[in-house]
Amino acid sequence: MDHSSGRCARVASSIAVKAFLSSLLLIAVLWSAGFVWFIHDSRQPPHVATVCDGIVTLTGGQSRIETSLTLLKGGYGQLLLISGVGPHVTLDQLVRLQNQTLSSDLASRVTLGRRAVSTIGNAYETTTWARDHKMHSLLVVTAGYHIRRAIIELSRTAPDLELVPYPVLPPALEAPLSRQTLHLLIREYFKLLGAELSNLTGLPDGKIGLTPH
């Protein structure tokens with residue numbers, strides 16, 4: 001009887017281990033397939049821009065501010081929010097860094113958002129700005145690897161706002177991927193998965209990504 005019981009226990013343990021390893025393998029395959037899709041998606045060029053009530057660009061990478069200023073000049077939005085700007089940075093400094101010029105009229109349409117310190121904070125800051133200006137549609141400018149997470153967070157804080165993604169393709173994604181770029185994409189992929197999970201659970205609150213007034 002004891003011998004039979006021991007044998008059954010070993011069989012059950014072996015089945016449990018195999019099931020666990022199979023689950024790990026399945027998760028690894030799904031993660032890898034998702035990451036391959038994420039890289040492909042991140043490297044897609046933007047579609048033709050859509051005219052919206054406003055434009056928001058989320059700082060933190062190359063070409064984002066330059067692209068948003070070009071879109072503002074092109075009439076794709078009446079107002080522009082640059083979210084996540086440092087406390088002492090001026091609009092003139094940002095424009096000069098992009099090798100662009102702005103007329104006084106266009107400059108008056110640009111708001112520098114200084115409170116956001118994360119994508120969640122960007123979403124909260126953008127929502128407040130859009131509602132203050134009674135906007136119904138928004139052109140969202142950020143890097144291709146960041147655009148889906150940005151849209152997720154904005155959709156949570158502003159479910160009534162029409163969001164039109166406008167992904168920017170940074171130079172690092174146009175060339176063959178370096179080890180540094182791959183590390184960046186892996187981090188961003190994990191963040192996207194985290195945003196999806198947070199979207200399902202309803203946490204965290206957007207205010208945690210904002211500095212005090």
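Just so it is clear, the values below take in all heavy atoms, side chains as well, and ignore hydrogens, waters and symmetry mates.
- Contact of the Thr57 side chain with the Leu81 side chain is not registered, since no non-hydrogen atoms from C-beta on lie closer than 4.5 Å.
- Looking at Ser42 and Pro167, their side chains never come closer than 4.5 Å, going by heavy atoms from C-beta outward.
- Here the side chain of Thr59 pairs a donor or acceptor atom with the backbone of Gly84 at under 3.5 angstrom.
- Legend: side chain to side chain donor-acceptor pair (under 3.5 Å) pairs involving residues 176-186, not counting sequence neighbours, sorted by first then second residue: Ser178-Thr181.
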Begin from the C-alpha positions of Leu177 and Leu185 and carry the test side chain to side chain contact (heavy atoms under 4.5 Å, CB included) through to its verdict. CA-CA 10 Å; Leu177 299 180; Leu185 290 172; 4.0 Å; yes

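- Applying the side chain to side chain donor-acceptor pair (under 3.5 Å) test to residues at least two apart or on different chains, the pairs with a partner in residues 72-87 are Lys73-Gln100, Ser83-Asn122, Ser83-Glu125.
- Residue pairs meeting the ring pair (Phe, Tyr, Trp, His ring centres under 6.0 Å) criterion with at least one member in residues 34-72, sequence neighbours excluded: Trp31-Phe35, Phe35-Tyr189, Phe38-Tyr189.
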Evaluate the side chain to side chain contact (heavy atoms under 4.5 Å, CB included) criterion for residues Leu139 and Leu71: first the C-alpha distance (whole Å), next the side-chain angles of each, then the deciding distance (0.1 Å), finally the verdict. CA-CA 9 Å; Leu139 195 59; Leu71 291 169; 3.7 Å; yes

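- Between Leu72 and the options Leu79, Thr67, Leu80, a side-chain contact (heavy atoms from CB on, under 4.5 Å) holds for only Leu80.
- Counting only heavy atoms from C-beta outward, the side chains of Thr90 and Leu112 never approach each other to under 4.5 Å.
- Using a 4.5 Å heavy-atom cutoff, the side chains of Glu162 and Val164 are in contact.
- Side chains of Ile152 and Leu192 form a contact here, defined as non-hydrogen atoms less than 4.5 Å apart.
- Under the salt bridge (Lys or Arg N to Asp or Glu O under 4.0 Å) criterion, Arg114 pairs with no residue at all, not counting sequence neighbours.
- Two residues are said to be in side-chain contact when any heavy atoms from C-beta on lie closer than 4.5 Å; Val110 and Ile82 meet this criterion.
- With sequence neighbours left out, Glu66 forms a side-chain hydrogen bond (donor to acceptor under 3.5 Å, both in side chains) with no residue at all.
- Closest heavy-atom contact between Gly75 and Val51: O-CG1, 4.0 Å.
- The closest side-chain heavy-atom distance from His146 to Arg64 is below 4.5 Å.
- Asp160 is linked by a salt bridge (Lys or Arg N to Asp or Glu O under 4.0 Å) to Arg131, counting only residues two or more places apart in sequence or in another chain.
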Please step through side chain to side chain contact (heavy atoms under 4.5 Å, CB included) for the pair Ile147 and Val140, ending with a clear verdict. CA-CA 8 Å; Ile147 192 70; Val140 182; 4.1 Å; yes

